[in-house]
Each structure stands twice: as structure tokens, then as C-alpha cells.
Amino acid sequence: MQASDRFNINSQLEHLQAKYVGTGHADLTRFEWAVNTHRDSYASYVGHYPILSYFALAENESIGRERYNFMQKMLLPCGLPPEREDE
Amino acid sequence: MYLYSLTLQKATGIICAINGNFSGGKSQEIVVARGKVLDLLRPDENGKLQSLLSVEIFGAIRSLAQFRLTGAQKDYIVVGSDSGRIVILEYNKEKNTFEKIHQETFGKSGCRRIVPGQYLAVDPKGRAVMIGACEKQKLVYVLNRDTSARLTISSPLEAHKSHTIVYSICGVDCGFDNPIFAAIELDYSEADQDPTGQAANEAQKLLTFYELDLGLNHVSRKWSEQVDNGANLLVTVPGGGDGPSGVLVCAENFVIYKNQGHPDVRAVIPRREDLPAERGVLIVSAAMHKQKTMFFFLLQTEYGDIFRVTLDHDNDRVKELKIKYFDTIPVTSSLCVLKSGFLFAASEFGNHALYQFQAIGDDPDVEASSATLMETEEGFQPVFFQPRKLKNLVRIDQVESLMSMMDMKVSNLFEEETPQIFTLCGRGPRSSLRILRPGLAISEMAVSQLPGVPSAVWTVKKNVNDEFDAYIVVSFANATLVLSIGETVEEVSDSGFLDTTPSLSVSLIGDDSLMQVHPSGIRHIREDGRINEWRTPGKRTIVKVGSNRLQVVIALSGGELIYFEVDMTGQLMEVEKHEMSGDVACLDIAPVPEGRQRSRFLAVGSYDNTIRILSLDPDDCMQILSLQSVSSPPESLLFLEVQASIGGEDGADHPASLFLNAGLQNGVLFRTVVDMVTGQLSDARSRFLGLRAPKLFSIAVRGRRAMLCLSSRPWLGYIHQGHFLLTPLSYETLEFAASFSSDQCAEGVVAVAGDALRVFTIERLGESFNETAIPLRYTPRKFVLHPKRKLLVTIESDQGAFTAEEREAAKKESFEAAGMGENGNANQIENGDDEDNSDPLSDEQYGYPKAESGKWVSCIRVLDPRTAQTTCLLELQDNEAAFSMCTVNFHDKEYGTLLAVGTAKGLQFWPKRSFEAGFIHIYRFKEDGKVLELLHKTQVEGVPLALCQFQGRLLAGIGPILRLYDLGKRRLLRKCENKLFPNSITSIHTYRDRIFVGDMQESFHYCKYRRDENQLYIFADDTVPRWLTAAHHIDFDTMAGTDKFGNVFFVRLPQDVSDEIEEDPTGGKIKWEQGKLNGAPNKVEEIVQFHVGDVVSCLYKATLIPGGGECILYGTVMGSLGAFLPFASRDDVDFFSHLEMHMRQEHPPLCGRDHMAYRSSYFPVKDVIDGDLCEQFPTLPMDMQRKIADELDRTPGEILKKLEEIRNKII
């Protein structure tokens, strides 16, 4: 890698993408985007205790169970990924 | 509109709790996080939990951990919050504050997926701390000491792993080897790429050990092994000589012991027999208790059962893991085992409790063990048990919690002086209706009838050094009664007091003699029984008396003052006479200052609306030092001395000062500061207390002087955590009071009211509300007040529970089954808890048995709040659950007021929201509103989440449809509808012909109904998507709403648009038909915006005190109560916004979140001043207070006065 490459926009983006999970790129698919937003949402629910308790109330589960369910859903938040189209 | 936001009741729910020695002494304390509040609690000798300190941190606390450096005596607190920073706090016992020792920034603020703060783990030897995020990032900080023994923290060491979800982390106890942290991780990178789903199925949770190499200053992944896919929680196992080291992995249905190079030791968690097969058992909280020779774990399941886990080990080899049923208590978010033998249970919903250990579960009970684990074809063989009443624990105290507040209304149903706040709290079997009244709770110790109507009461000691009072002296219109305090309180006649005359004052004088002042003289009773009488000259009578331990001033009729002092021999000597211009209304002498012979100040109130301060010094005796005119004649005076304090457990840093309090005849309490040298009065404050002139008495509260003011209701003025608080007591009107101290009751009050003598103590100081709870059956959803009949109607519903009949049947069955076994050992341990004894399986303690998630139970209840009687309870049948209701008067008035209830049948949220049917039930009130009778039930095509009366008809929000119904004979009749709402209607408010509709996701829509064209149409909506949780109508153009993320906002229709719509003969209908950007033609404007930081579940507009300002009250899921008060003047807005600005700069929040950023978490804060931050002003150091005050061109005293004034407008 040349010294100048470090400052071009692509490598800066790559750096951001590596550092911050969920940073988008030009070829982002709808599915990838949705997966990211869902994971962010679940992480936010788990982080905000009042929201977690609000869900727990609605579903009549314990808060601990609700937290576990949200964490479990982070594995496949939007179901299976679509088949890749071979180009 | 500018609002002042003030929290009236801090959050009562608990997110997490830790225990340790934070003050450095022997005592054990508990630190609890209540969302944005950090509290320090301590159980006192009587086993009552006392709150020592409570700090609002303006951020969301997500995790807490405590650690202790090797050899230190004191624990530090690590806080993981949403600030993107790690914060280490130390409790300073002298100043009673949390001090920030370290604050290190590592990431962005906010609760984000990859910014650490969610998890905290500490090395058991206190050498390192790991802070983790839900995904990817984990940072390790090394903790050490510098040469002067101060705590140091290193720069962070990364232990990141991308595409990895973290479920739990904990420290591994490996003695003084390199610190190791364990984490449950799950890699999702392959599952994201594989469309066949194979990778997702094979995704495996791993238990990974991270080792911190202290020599290389580096963290490495040391060991990683597959672990059960249901794993959710890690618990540290003692090591380094105390145990086998390693971790307990709590997974769904299992507890597994794991360690590096050690085979898994697995045991099943016993299941309740009535648990549906589809449900697993998950551990939600855990605590470890370690003594010198043994250790055990207490693990609590999501159903509330606690299991004791023990490890049978031989050095480092674990041979057996045993899980034994221990007890069942309500589900907790944290368990803390204290060394003193207490268990603190921080409940998820409902009251928290402190338990005492009776036993540690050594008796035989249902037990699962790794040795007897049976693996069959269907998996591991489960072990069953039946919950029983408490055997090992005894509840000794509970701390009230309003979590989760579901609905709130304010009304003066009981016709008291101030309105009551009715709230629906809790969940399932622990739910309740709580009636809150501003004020302190008291507990009545005794009430005894007296032979006549007493006018006054005093208590006296026989000697200054006595701990307890010797006599209670009661004065009647023409007699005095003396009661001696001992084992019992009984009348005595050998006390030396004159009993044939009324008394004006009775007190201890000198070191050991008693004084009785009666209208015709002073009777001085010496310790040896000698009696000296001083008689008034001529026919004049004594009208008023003021005294302290060494000085007495009496006022004779006509206005003459005579001053006495106690001399060296204990004699009472007349010193000086002084003629006042008119009759004296009241007098008081300041208490003798420590180490002095006399107090310098005498306060005299006259009927000419003045208070004079006179000197009692020998050189300028009876000189007037200062004069204060007041609005009405003073009735009672009291000097209150505030001792100098440098902080400590419940004081803040302040110098000694003297306050003069005066109760005026117009019901106002007037309070000024007395200059200790010159006697000048300054900094006057007044507050209206009630309809009667307040009488003031000095009593002791927590060993300090406090003031009791008796107006039409009693008030207590005392200092709590550095603030002077004047709070009403929830008790009836009292005539006269005195402090009371005896063997049974160290700090009480004896008072007279009517013909009874009452002894009571004041409880839970520092709280602003006291509550009366009425238990309910299921999670309450909403309630309405029936204002005419003064009745409440509540709807309660629960998912996944059995109906009352099914539960009853199941209970009977299980008792029959259990009865056989119990006959064998009839002498069961009594647990001493009355409630549990009366009902051996109280649902409140054990929870309802779980049913399938598709099952609903629900009931409608009519409740008389005064008697706490349920007059009617209708349990809904057929899997229906009630979600909304309103009272409605249809215009034909045939039935009068009717009750409409919206229900859904077979509602399911998961995997997709679905239901079988929705209904609107119409009930009529019978028998004075006490009983409900179903008129008819109309099926609708959605879940009716909102109902409202409108122009003699019923408006219903059914999914996205707003529909107008009229009452028919057999069913409701559709009159008009609008189907254009985006998602689901959750609230409807009406005002004149306007309808304010709140959508679940899309904020407010303003609608109009045109009667002539019979059309409902939307003329304005909001520009921001808001997930509404509560709404309230403010005025013609304005709505207040709150969203799911904890924001409060007000929207208003601009004035010109509003006028245009009102003037337009078509009511803006033509424009509506055109529409704008797929929405309404007009847009409302956001005029107020504020992030509360808690899900607000209810809003209400009310005035809490007579003469106060009208404010918007809100209640939150975490059980807090707050208010927004509109500012009355521009000056106040300027003052408070400047104060807020300076507070932000000079006093940044404790846990590192920027205050402005926090209040603007989702939308920029607009026109709201944070009173909670402003009220932290008195906790600043004195020089800082002065600096801010200078910037504002005021004195610190004036700022405090302003803060007090605005608080007094609200409550």
C-alpha cells in the first residue's frame, strides 16, 4: 500500500467499516441493512432497561427472559439471508 | 411556553444492585441503580433499609460492579452506563457523596451495540476490570495503586472479536495468577452469509477465557470451548485456595460447571410441576456467598424460585454439582447476600424486600445433581418440585416500589385538603392500586382516650442526662394530669406538679429540676422534692411562656415581660422586667448554645403584626435588636438551631445557623434567618400551610432538632441530605404536640387531638409521598374514575396465565397431593410471616402458574377506594382481554352513564400480531354504580385500543380506523368512520368539535367531525414519527405526548392555522381533500421537548396543592413521578436557564454523560429547564455556590429560596 492510499476516500471508508459495525457501503443489500438495524434495535432494547421492562410487561415475561430473547434474536434477526445471485 | 421539570418521586424500580463495604467500616451497604439514579442503602440494626444517599446521574446506568484492592478495607464502585466512559466511584463517608475517582472515555455515548457499558466484570482480587458491549468490543483496564495508595487505572487493553455477540462476562478467580475473564460468545458471521440456514443451525456459543498478562500488559484469548446454546449467565466460582476456580454457566434448564482442562459438570435445574412443557427454565439473577470454609450460590429462575448450588470438590477437581430448591420469592433483577445474614432482593416489579436467613438450606429438599443426571432419548431427565412456603428466609422489611406504573389520575375523591394521586402499579399477582398523598407516612404507636378534652401536652425528663422522658403532662381547661412513663404509661400524683390548675408550660430546668408554669405562677420542683412557688403580682395572670433549659420569660396579661434565669445553685431568679406596648401573642427563647450560660435572643410576637427580637444579655437586657413586620398576627414562634455540619450521613456542608419560625394567624409559616451575633433578621420565606394558624414545636428527628407545625394538617420541617424539607404528615389535625422518647420508641411524638392522646413515629424520612396499596388481580391496564359515585373502575389483563377457576382447581389438586407428604412431618418450620401463614401459597409471593402464551385472563373491577372494597369483579371469559375503556353518556340518556370496554380475543404478539376478534362491551352501572351489568357486546374488526365519548356518542380507535358509534338495542351502531390512520390508534381525546387522535407510531392527528356531512377528517398531523405511550390534552390547540424512548413533547397547532380552520365554513375540508405529502394539509409544531430517560406511561394535568400551579404530571415504567410546571414570568425563565447553564458547566453529571446531550438524546431539548439539575445546587461546595451566585448577581441564599419557591408551587 502506498502512502497516498491512506488518505483516499475508499481506505477511509474501509477504516470506518472495520471500526464501526454497520457502516454502509455502495453494494449494501436490503437484507444486510435490515439485519444491521434490527441488531441495533435489539442492542438498544437490552441497553435501555425501561424499554426492556415495557416489553416484559406486554409479553408477561420476566425481564431477564426478555433480555435473553432479544440477545438470541440477534443471531438471525431477519431470518435466513437470501440466495446470492451469481453475476 | 417554558416548563420547569421536576422529579417528585425518584424511580423506585431497581436495575441492578451490588453490595460491599463502601463506607469502609464494618457495615455492609448496598448500591442500587434505578435507571438514572444511584442510591446507597444500608440495613440498620432493626433490619430496616435506610437510604443514605441518592444521586441523579443524568444518564442510563446499565451495570454496576464493586471491587476491592488487595489489602484495602473499602470497596469501589464501577459504573457501566450509556456515557461511553468507565467511571469508578468511591463513597465518601464524611461528606456523604459519591466521588468520581476515575473517568475514562472509550467510545461514543448512547446505548449502542458495540460501545461497552452493558457488561462489567471484575477480577476477584481487584486487579482489573473488563467492560463489554453486546457485540464485539471488550476493554480491560488494569487497576493498581500509586505510591500514595491512590487507585490508578491503565489505558484500555482491547479484547475485541468482531461479528460476535456477547451474552455475559465474569471474572475468573485464579488467585494471584494473571487475571482471567470469561465470556459467553456467539459468532454470527457465517450464519449471515449462508442462505441454507445450515450455518445458523450449527452456530455454537463458546465460553472463552481472556487472560490479562500483567507482565506483558496484553490481553489474549487463552481458551475457548463449546458451551450449551442456551447459556445466558456466568457466575464466578471461588478459586485460589478457596475453591476449584472456573465458572458456573447458567443455561436454559441447566447449570454447568466449566473450567479450563476440566470436564463439564452438568445438572438440570428442577422444574415446577405445573410448568408447560414448551417453556424452559432460565436463571435471571445470581449471588454467591463465601465464608471461610464453604461457599454456595443462590440462583433465581425467571419464575422466582431460588436454588442453592453447591460444588463438591477435591482441590481443583469438581466431583459433583448439586442444585437444591431453596425458597421462592418474587422475581428479582439482582440478589445481594450480605455478610450480616441478610438477603436483599431487588424485585423486577413491585416492592423490594430484605430477607433474613433462617437456615442456609441444609435440610433435605428437592435436589438435582450432576451425579444423578439421566440422559434419555428425549434429552436429559427433568427433576420436578413444588414450590412451598418460605423455609430458609424470613422477610423483615420491604421497600415500596411503584414500578411499573401503568396509569395515573389525580382527584380529590376523599375530599381532603390536597388531591390524591391514584396509580396502577405492578404486574400480575403483585399489581396494586396505590393511592399517593404528598407527605410522610407515620406509624401510630398508641391512642388513648382522656377524661376530658386536653389543651396541651408536654414530656419532661427528670435529668438532662436521661435518655428517656419521665413524664407526660397533659393540661386540661382546669386541671393538669401527670402520667409517668415506664413499662406502661400510668397516672401518678407524687410528681410534685400542681394538678388543680391548667398548665402553660412544663419543662426541665437547670440540670435536674422541673418547672410548671400555670396562669397564676411558676412552680419549681427541685430534685429532692422541695417546691418553690413564684406568684404573679396582684391579679394578673401569666398568658405566655418561653423557656429553655436555663432561661424563662413569662408574659403577663397587659404586656409585661418578666425574665428569670437559673443561677449557680439551681434557683430560679428574677432578672429583669420589661413593659411591652400591648399584649404578647407569643414568645420563644433560642436554645442555649453549646458551652454558654444563656441564649442571647428572645422573640416576642405582638398583635400589631410584628415580631421583635430582644436581647437577654446582661449588658443590654431587653433591648430590641430587630423588628420584623409580618402579614398577620403571629400565633406561635420557634427558634430552630441548625448545627454546623461538614456533611456526614445526612447533612451537607453548611455552617451553624439559627432560624426563627413564626406561625401566623392566616395559616402562613414565616421563616427567617437570625444573625447569630447581631440578631438581625434576613432572608425571609413564607409558605402557606393550612387553614389554621400553625403551632410550632421542636422535636427530634434522627437525633437532630426538627420542627413540627400543626395547622389544619401537621407538617414536619427537617434537614434531609442537606436540604431543608417542609413536608406534610399524613395524619389528622392535631392540637398540640411534644417529642416523646421511651424505651419502646426512641424518637416519637406525643400529641393531643380531640379527647385522645396519640403517640406516633415518623417513617421513611426524605420521601415525598406516602402510599396506600389496594391489591389487584392481574396487570392493571387502565382505570376510570366515576366522579359522581366516587368509584374506580379498572381493567386488568395478563397474557399466559390461567383464569381464577383454573388456578383454584389446580391449587386444590396440588394441596391434596402435597397433603400426603406433609402429614409425615407436620412440625414444619413456621416462617413468621403473617401474610404467608394465612395463605400458604400466596400468589403475590409465588407468582401465577404459567400457561401457554396464547392464553389471556382479564377482569373488570369496580372498586370503592375509601373502603378498598371491590364491589364488582367480572372475569372475562373465552380468552378475551380488556385493553381500553371509558365512561360514556349517550345522548338519548336512557341508561345514564355507561361503561365501554374494548377487548381482544386470542391476541398474540409473536411471531406476528394477530387476534381472533375484537369487541366493545357496553356495561351499565347498577346499585349506585357498584355493580356492572353487560348490555351488549359488539364485534369489531380490530383491537379497540382507544375509546372516548364524543358529543353523546362513542368514538373508538379500532386498529387504523377511527369510528363513531351510537348506542343500539342489541349492539353499537356505526355512524361514521375514517380509515386513514397510519398504524393503530392508541389514544383519543376530544375538545368541542375537535378530536385528537394518537397513533401508535405516528404521533398525533387532529381531526374534526362535521355533523351536517357526517364526516370525520384529519386536518393536521405531526411531522415526526412518535411511538406514543401516553397522551394528554392541554388546550384547544395543544397536546402533550410521550414516546417509547422516554421523550416528553408538546405539539401545538399554529395560531393562524387554528384560526383559519375555525373561520373556514368548510372547516379546512377542501384543503384536507387535497392533502400534503400523503398526510394532512396542516402540520402541528413541536413547542416543548425533553428526554426523561424512562418510558413515560401516563400523563395527567393537575394541581397538587391548594394555591399551587397547575402542572403536567407523569408516571413512568420505572415507578417515578415527575411534574412539568409552566413558568409564570420571563424573569424566572431567565434565572433558571442561567442557573441550569452554570450547573451544567460547574457540576457535570456523576457518571460522565453530558447533561445537555442526555436531555437531547433523541430530539434537541426545547424550552424545558431541568429542575433536578438545578436542585443539585445545594450539594455544591460553598465556594462554588458563591461563584455561581455571583454570576447570577444573587446570593446563594436567594438561589436556594428560588428553588424552594418553585418546588412549593408544585408540591
Side-chain angles (χ1 to χ4, degrees), chain A residues 14-23 27-86, chain B residues 13 15 35 60-62 82 110-114 117-118 133-136 162-163 165 167 186 188 191-197 200 203 232 252 282-285 302-304 331 333 348-349 403-404 406 427-428 779 798-801 853 909-910 1029 1044-1046 1093-1095 1097 1116-1118:
Chain A
E14 272 167 28
H15 172 73
L16 280 178
Q17 274 148 5
K19 191 166 173 195
Y20 299 111
V21 177
T23 310
D27 300 325
L28 193 76
T29 65
R30 184 191 163 85
F31 176 79
E32 284 165 338
W33 175 83
V35 163
N36 255 315
T37 5
H38 276 78
R39 286 206 181 112
D40 282 343
S41 299
Y42 287 131
S44 167
Y45 299 158
V46 169
H48 291 101
Y49 195 83
I51 298 186
L52 198 61
S53 5
Y54 194 64
F55 282 114
L57 269 172
E59 296 194 5
N60 199 18
E61 290 288 351
S62 85
I63 295 174
R65 165 65 80 170
E66 203 69 7
R67 182 187 292 125
Y68 173 74
N69 285 350
F70 284 141
M71 291 303 291
Q72 289 293 79
K73 282 180 194 166
M74 281 173 84
L75 175 63
L76 278 182
C78 305
L80 294 174
E83 295 279 347
R84 262 175 207 247
E85 289 167 30
D86 293 320
Chain B
I15 288 177
I61 304 174
R62 298 153 79 190
D82 64 345
C111 292
R112 290 165 201 263
R113 177 150 58 122
I114 57 157
Q118 184 65 38
C134 294
E135 186 179 318
K136 185 179 168 185
S162 42
H163 309 293
I165 301 164
Y167 286 82
L186 175 66
Y188 64 70
D192 272 6
Q193 305 300 326
D194 180 16
T196 61
N232 71 316
E252 207 166 4
L282 197 70
I283 299 293
V284 294
S285 60
E302 56 184 312
Y303 312 110
V331 188
S333 54
E348 281 188 344
F349 294 97
M403 184 167 178
S404 56
M406 302 292 284
R427 179 170 86 164
T779 311
D798 261 339
Q799 191 183 12
S853 61
F909 298 114
W910 186 253
T1029 53
K1044 193 167 89 167
F1045 309 103
D1094 196 347
V1095 180
S1097 50
T1116 70
V1117 166
M1118 291 294 292

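Below, read A as the first sequence line, B as the second, and so on, with proteins coming before strands; counting in each chain starts at 1.
Counting heavy-atom pairs closer than 4.5 Å to chain B, the top-ranked of the candidates A/S44, A/C78, A/S53 is A/S53. In terms of non-hydrogen atom pairs under 4.5 Å with chain A, the most contact-rich of B/F349, B/F909, B/Y303, B/F1045 is B/F349. Interface summary for chain B: among A/G79, A/A43, A/P50, A/A58, the most heavy-atom pairs under 4.5 angstrom belong to A/P50. Contact count versus chain A (heavy atoms, under 4.5 Å) is highest, among B/H163, B/M1118, B/R112, for B/M1118. For the options A/L52, A/V46, A/V35, heavy-atom pairs under 4.5 Å to chain B are most numerous at A/V46. For the set B/I15, B/V284, B/I114, the entry with the most heavy-atom pairs within less than 4.5 Å of chain A is B/I15. When each of B/L186, B/D192, B/T1029 is scored by its heavy-atom pairs under 4.5 Å with chain A, the top score falls to B/D192. For the set B/Q799, B/E348, B/Q118, the count of heavy-atom pairs under 4.5 angstrom toward chain A peaks at B/E348. Annotation: maximal heavy-atom pairing with chain B below 4.5 Å, among A/G47, A/A18, A/G64, A/P81, occurs at A/P81.
Contact annotation for B/A203: only side-chain heavy atoms (C-beta onward) come within less than 4.5 Å of a heavy atom of chain A. If you measure heavy-atom distances from A/F55 to chain B, the contacts under 4.5 Å come from the side chain alone. Looking at B/D194, the atoms closer than 4.5 Å to chain A (heavy atoms on both sides) all sit in the backbone: N, CA, C or O. For B/E135, the part sitting under 4.5 Å from any heavy atom of chain A is the side chain, from C-beta outward, and nothing else. For A/Y20, the parts lying near chain B are the backbone and the side chain together; criterion is any non-hydrogen pair under 4.5 Å. With a 4.5 angstrom heavy-atom cutoff, A/N36 touches chain B via backbone and side-chain atoms both.
Atom CD1 of B/I165 and atom CD of A/Q72 lie 8.5 Å apart (nearest 0.5 Å).
With hydrogens and angles disregarded, a donor-acceptor distance shorter than 3.5 Å links the side chain of B/Y167 to the backbone of A/M71. Between the side chain of B/K136 and the backbone N or O of A/K19 there is at least one donor-acceptor pair closer than 3.5 Å. B/N232 places a side-chain N or O within donor-acceptor distance of the main-chain N or O of B/I283, the cut-off being under 3.5 Å. In this structure, B/E302 contributes its side chain and A/R65 its backbone to no donor-acceptor pair below 3.5 Å.
Ring orientation note: the planes of A/Y42 and A/Y45 are nearly perpendicular, at an angle over 60° on the 30°/60° scale.
Residues forming a side chain to side chain contact (heavy atoms under 4.5 Å, CB included) with B/T779 (at least two apart in sequence, or on another chain): A/L57, B/M406, B/R427, B/R781, B/D798.
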Legend entry - Working for side-chain contact (heavy atoms from CB on, under 4.5 Å), residues A/I51 and B/V1095: CA-CA 6 Å; A/I51 298 186; B/V1095 180; 3.9 Å; yes
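Nearest heavy-atom pair across B/A191 and B/A200 is CB-CA, 3.8 Å.
Applying the salt bridge (charged side-chain N to carboxylate O under 4.0 Å, His left out) definition to pairs two or more places apart or across chains, those involving residues 51-64 of chain A are A/E61-B/R279.
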